[in-house]
Protein chains: 2
Amino acid sequence: MARTAYHHGDLYQQAHEQALAIVREQGDSAISLRALARQIGVSTPALYRHYADRESLLAELAISGFQTLRQHLLAVDQQDSRSALIGIGLAYVAFAREEPNLYRLMFGGRVLPRGAHPRLDQAGLAAFQVLEDTVANGQQRGYLKAAPLALLTAAAWSLVHGLSQLTIDGHLPGPDTEPQLAAGITALLLDGSIERSSKEPTP
Amino acid sequence: MARTAYHHGDLYQQAHEQALAIVREQGDSAISLRALARQIGVSTPALYRHYADRESLLAELAISGFQTLRQHLLAVDQQDSRSALIGIGLAYVAFAREEPNLYRLMFGGRVLPRGAHPRLDQAGLAAFQVLEDTVANGQQRGYLKAAPLALLTAAAWSLVHGLSQLTIDGHLPGPDTEPQLAAGITALLLDGSIERSSKEPTP
DNA sequence: CATGCAATGTTAACGGCGTTAACTTTGGCA
DNA sequence: TGCCAAAGTTAACGCCGTTAACATTGCATG
């Protein structure tokens, strides 16, 4: 099918793919339903049969983004706790660097507010879960402190998320030194930043 | 002046103020030059005498955002290194929580790319500088490790920036527990996350 | 096999937007 | 006093998202 030129094109899939390509290359603000329809060779309102509005289309793109991010995180070797945690950090930042525009869409907040697209929230949670599992694992193995899981996870996520954001926005030194930076920063969160001989030890 | 209804209104200032109010309340995507001009009671192209385009107007708003952020960070007590660092973290996240829409504009990346508005870059750098100075101070006092300043600063900034972003986007537990979370997370970066008895100590 | 319906397209239109061109008013300075 | 540059105006271009009203078609049901 997809021949008859009227009915039965796989418009949903095609729109998704082409829009994803545009977002990856030019960012979400470059998505125009009219231009997208033109590019596919269909009338603009046809898109509304498959997507409620522009934002819903973007939400679908963000969902696929979270899914691939999750895959990247799942691929990290979990044998050793320390290298698993650092590996997660590296993989996370690497994803952001490879797909900056997609990453910005996923975490923009402005374009896709939480709660408006349940499936999107769920996809984000699923990716986050991989990180949380890794942290919980590190705790169970006795490698990480017995601090509240939510606290440790939030710290880890904040760190990698912030680093990703700062990196893709060019706030940090060149991308050449980036992987070392990510590894070094993750290690800092694990080992701490204070000099051991200091007067104020771990509370 | 500002009477004659033709010339000499302080249009620049008024536009800045009203636009800032809109961004704070509804986010940058709610800014429309036409609506703004209408609200002020002036023709749309008049705005172009003072702002090159919509993005330049937004850049000015972001600049004021960075300036107030900097003031908040400068107000942190610097007596004790540890509480100075935690205080900076708390102040940073508090600002993001008070001005989520402005914060998103400042760090959106998508709307205001680095390099396009030099004064904006400079304002961001000035705010960042406060954090870097605090870290450098902590090092000089021997409280922080002698790791590369850029590394320590990037870690601290990533952490608070990521936490801010996740917080205002609703990815973390309710805002009630937020201040403790911020303090706890900052402390984690200082003290480390690993159990002291673990086999892999600080490299 | 015919037919009716739901799914999926279409064209036409509304109101909004950012931006530019061409023109007008006006305050201040030579 | 006269002129010029700054700061305002109207008119227009070409986009955009979205909706209403209508057309085509595949499929399931009688």
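Naming convention: chains lettered A, B, ... in sequence-line order (proteins, then strands); numbering from 1 in each chain.
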Partners of B:Q67 by side-chain hydrogen bond (donor to acceptor under 3.5 Å, both in side chains), sequence neighbours excluded? none

What is the separation between atom [atom1] on [X] and atom [atom2] on [N], rounded to the nearest whole Å?
{"X": "B:Y12", "N": "D:dA6", "atom1": "OH", "atom2": "C1'", "answer": "16 Å"}
{"X": "B:D10", "N": "D:dA6", "atom1": "CG", "atom2": "P", "answer": "19 Å"}
{"X": "B:L58", "N": "C:dG18", "atom1": "CG", "atom2": "C1'", "answer": "12 Å"}
{"X": "B:L57", "N": "C:dT19", "atom1": "CG", "atom2": "C1'", "answer": "14 Å"}
{"X": "A:R49", "N": "D:dT24", "atom1": "CZ", "atom2": "C1'", "answer": "12 Å"}

Detail all sub-3.5 Å separations between protein N/O atoms and N/O atoms belonging to nucleotides 15-17 of chain C.
unit_1 : atom_1 : unit_2 : atom_2 : d
C:dC17 : OP1    : B:S32  : OG     : 3.0
C:dC17 : OP2    : B:R38  : NH2    : 2.6

Please tell me whether [X] and [Y] have a donor and an acceptor in their side chains that are separated by less than 3.5 angstrom.
{"X": "B:D53", "Y": "B:S56", "result": "yes"}
{"X": "B:E132", "Y": "B:Q129", "result": "yes"}
{"X": "A:H161", "Y": "B:S158", "result": "no"}
{"X": "B:E60", "Y": "B:H117", "result": "no"}

For residues A:F128 and A:T153, determine if any side-chain heavy atom of one lies less than 4.5 Å from a side-chain heavy atom of the other. yes

Tell me which residues in residues 40-48 of chain B lie within less than 4.0 Å of DNA chain C, going by non-hydrogen atoms.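 Only B:T44, B:P45, B:Y48 qualify.
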
Please confirm whether the shortest side-chain N or O distance from A:H50 to OP1 or OP2 of C:dG9 is below 4.0 Å. yes

Only one of A:L163, A:L159, A:I168, A:L166 forms a side-chain contact (heavy atoms from CB on, under 4.5 Å) with A:V93, so which one is it?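 With A:V93 as partner, A:L163, A:L159, A:I168, A:L166 yield a single side-chain contact (heavy atoms from CB on, under 4.5 Å), made by A:L163.
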
Electrostatic pair B:D191-B:R82, nearest N-O below 4.0 angstrom: yes

